[in-house]
Amino acid sequence: MNIQQAEAGSAPQDFTFRGSASEFFGIWITNLLLSIVTLGIYSAWAKVRVKKYFYQNTYVAGRNFDYHATGGQIFIGRLIVVAGLVAYSFLSLVPVMGPLLPLALIAVIPWLIVRALRFNARMSSWSNVRFGFDGSAGQAFLVHYLLPVATALTFFLMWPFATRAKQRFSANGHRLGSSRFSFESGIGPFYRAFAIAGLCMLCLMLAFSLAVRISDLDIGAILDAHITDELIALYTVLIYAAIFAVFVPVGLIYSALVRNVVFNNTTLGIGHRFQSSLHAGHYIWIILSNMLVSLVTLGLMLPWAHVRMARYMASVTTLLPKGSLDGFQGEIEAGGSAIGDAYADIEGIDLGIAV
Amino acid sequence: MDVPVANGQAFLPGSSAAHPARLMRTASGRLLLADESGTVLSECAGKEVTAEPRIGQAESRVIFPDGALFLTFDHAAAGTLAGRDPAAGLLHRLETFHPRLALFALLCLGGGWLLWRHGLGAMAAAAVWLTPAPVLDAIDTGTLASLDLKLTRPSGLSDDEKDRVQRIFRDLDGQLQQQGADLRLKLEFRAMPGFGANAFAMPGGTIVLTDAFVRMADRDQIAGVIGHEIAHVERNHGLTQFYRAGGAFLMISMMAGDTGPVLEDLLLEGNLLLSLRHSRAHELEADAFGRALADDAGYDPDGLLRFFAALQAESGSEPPAWLSTHPAFDHWIKALNSETR
């Protein structure tokens, strides 16, 4: 950084993760044991403890994050969502409600997404100041429904526009105290990421079909035997293999490149900036090796995998402060309910934020 | 007198500014938060302060009633000063890295196995019971529509051929109703090129027979196979498998927490594949049920067995799996034979 910034006390500040795998293993396995013993009830409190551990161990400029939701809030949120789902399936018994209910659910989901984002933001803080989220359900409807449809209609050529809109929705909606995040970027970098991902897809598909060619003998034998069920099984296996060999890596490459674009073009408040240098290859290596190690150890190495991932993600992220970081002001935020968060948890909704 | 003092960082309510500060107790028992120059940042009666439970080696957090926050690595001093409930530290002590955790891991593996073995079945049964009939109808309609789109053609059977099967179907259905079961069954005929002689059932009670099957099977064989498919509906086999797969995934993600981006997808698909293993037991159960139902309705109970034998003779030496979920024929015929003895 230049001299002016150094004078203002504005040296780049790296994110660091200070947790350790052995320490988190203790927390995780105790959580798991208590969750099993209580038939899942404790898992709401366990979720909070894990989030607190990761937030409190993530530092930037010598100050850490924190997570403030309580296990009780998460638990009640989950109860309401489960009650809602049961009510939904019973309401569908009423003949008139049949076609109306799915429409109602579709209409409610953007609202739930916004609630989830708002709850998570309010329950998170850095340096004693809470985050906030002000995006609207209308915007959520646009980026989660309309743009994906438009993307499909344009043979996915519009995908970068949809990605940018989604990131704008999430980044521009967030604030730290009263200081807004602001993300603005031309479409160029998004199309660049799209093109790189597309190129990788082409290469991987070529390699994949070559690999299938090599084992052509087996397929020929099966074809000769006219056994259709085995052919179906073979195609199923091939489709799964293709998904994991081609589409998963390509999806990860794209999301890694998008994260860099989003962080590098986001400002906070008076002009603090961010820098992300996520390396797609390294990112994929960590995810795939984490997965393999976790599977082989029946999940016992999952804590190690999480810590490894958090450490890497922090290590590629930097804050470029403009002046003092003491100027953030936040009001004392009221609680809010965890319904949206619980719904996103249970239905596995991908909020699509490049964190 | 040895008065504990904790050194750390203080934050005033709603501000990100960090002040090096000390937490101490006055002679009158009040708690003081003071910066380096001795200026009091916040104070309160000793009991009004909140000391958050510790997690790992991260800083202890002490919160004053006005919202001022104090962070310190002097865990012991902060605990004494803030009067932290010793029980609150129990979780933290349980979690510290220690050989005890190996025992925890073993208990988790054992408990997880028990839940998977017994808990999942109970959960799936409850979910099946909670599923309303219109949802089942919708599943049938949707599945049949997507099959019609991709795999099937309209049946080429004559009305006579269809009538012959419908009569057998009504016999079995009537027998079932005499036994007190009301399943709202429905029979469909489809031509399915490439699937050979085949039959399958959907959760809502729709049973589909292929033209090839109707043409190759005699009346006893048809009764046995329809009885077999009715068993799947009556015992809710399909729905149970679906809920088992979804329940296992939900259980893992609830208990173990986030599993990471790719592993999550793998677990979802893996559980669906694992549920196929369960379907073998279901097939054997359906065979026994189909045999008994055909017998009760006045058909030869060995029809089902003869059908499988005929199918195996036709397909040659390598026994294929019937719609990928059926046990290999050899195994199946053996099981049916032992049932007969």
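Below, read A as the first sequence line, B as the second, and so on, with proteins coming before strands; counting in each chain starts at 1.
Neither the backbone nor the side chain of B/Thr96 comes within less than 4.5 Å of any heavy atom in chain A. With a threshold of 4.5 angstrom between heavy atoms, B/Ile252 does not approach chain A through any atom at all. Using a 4.5 Å cut-off between heavy atoms, A/Tyr55 does not touch chain B at all. The part of A/Phe244 that comes within reach of chain B is its side chain, from C-beta onward, which places non-hydrogen atoms under 4.5 angstrom from that chain. Contacts of B/Leu94 with chain A are made by both backbone and side-chain atoms, with heavy-atom separations under 4.5 Å. Proximity to chain A involves both the backbone and the side chain of B/Thr259, based on heavy atoms less than 4.5 angstrom apart. Residue contact with chain B, scored on non-hydrogen atoms closer than 4.5 Å, is absent for A/Val50.
Minimum heavy-atom separation, B/Met254 to A/Ser43: O-CB, 3.4 Å. Taking all atoms of both residues into account, the shortest heavy-atom contact from A/Arg49 to B/Ile55 is NH1-CG1, 3.4 Å. Scanning all heavy atoms of the two residues, the minimum distance from B/Ala58 to A/Gln56 falls at CB-OE1, 3.5 Å.
Interface summary for chain B: among A/Gly62, A/Pro303, A/Ser35, the most heavy-atom pairs under 4.5 angstrom belong to A/Ser35. When the candidates B/Gly111, B/Gly56, B/Gly119 are compared by the number of heavy-atom contacts under 4.5 Å with chain A, B/Gly56 comes out ahead. For the options A/Leu176, A/Asp326, A/Asn290, heavy-atom pairs under 4.5 Å to chain B are most numerous at A/Asp326.
Distance alone, capped at 3.5 Å, is enough to place a donor-acceptor pair between the A/His306 side chain and the B/Asp258 backbone. Under a 3.5 Å cut-off, the side chain of A/Asn128 and the backbone N or O of B/Leu12 do form a donor-acceptor pair. Although no hydrogens or angles enter the test, the distance criterion places a donor-acceptor pair under 3.5 Å between the side chain of B/Ser16 and the main chain of A/Leu325. Here the side chain of B/Glu95 pairs no donor or acceptor atom with the backbone of A/Glu23 at under 3.5 angstrom.
Put simply, the side chain of B/Leu91 does not reach to within 4.5 Å of the side chain of A/Ile27, judged on heavy atoms.
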Item to check | Intermediate values then yes/no, side-chain contact (heavy atoms from CB on, under 4.5 Å), A/Ile287 and B/Leu263 | outcome: CA-CA 9 Å; A/Ile287 287 179; B/Leu263 187 54; over 6 Å; no

Checklist entry - Could you go step by step and tell me if A/Val129 and B/Phe11 meet the side-chain contact (heavy atoms from CB on, under 4.5 Å) rule? => result CA-CA 9 Å; A/Val129 177; B/Phe11 296 88; over 6 Å; no

Next on the checklist: Using the rule given for side-chain contact (heavy atoms from CB on, under 4.5 Å), can you reason through A/Thr30 versus B/Leu101, listing the C-alpha separation, both sets of side-chain angles and the distance that settles it, and then say yes or no?
Outcome noted: CA-CA 8 Å; A/Thr30 308; B/Leu101 294 183; 4.3 Å; yes

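A/Lys52 NZ to B/Arg61 CZ: the interatomic distance, rounded to the nearest 0.5 Å, is 6.5 Å. Rounded to the nearest 0.5 angstrom, B/His98 NE2 and A/Ser22 OG are separated by 13.5 Å. To the nearest 0.5 angstrom, A/Asn64 atom CG is 5.0 Å from B/Glu59 atom CD. Atom CZ in B/Phe104 sits 9.0 Å away from atom CD1 in A/Ile29 (nearest 0.5 Å). Here the CG atom belonging to A/Leu33 is positioned 11.0 Å from the CG atom belonging to B/Leu106, to the nearest 0.5 angstrom.
With sequence neighbours left out, A/His272 forms a ring-ring contact (aromatic ring centres under 6.0 Å, His included) with A/Phe328. By the side chain to side chain contact (heavy atoms under 4.5 Å, CB included) test, B/His75 is found to be paired with B/Arg54, B/Ser60, B/Phe73, residues two or more places apart in sequence or in another chain being considered. With sequence neighbours excluded, the residues that form a side chain to side chain contact (heavy atoms under 4.5 Å, CB included) with A/His68 are A/Asp66, A/Met123, A/Ser125, A/Arg130.
For residues 292-301 of chain A, the interface with chain B (any heavy-atom pair closer than 4.5 Å) comprises A/Ser294, A/Leu295, A/Leu298, A/Leu300, sorted by residue number.
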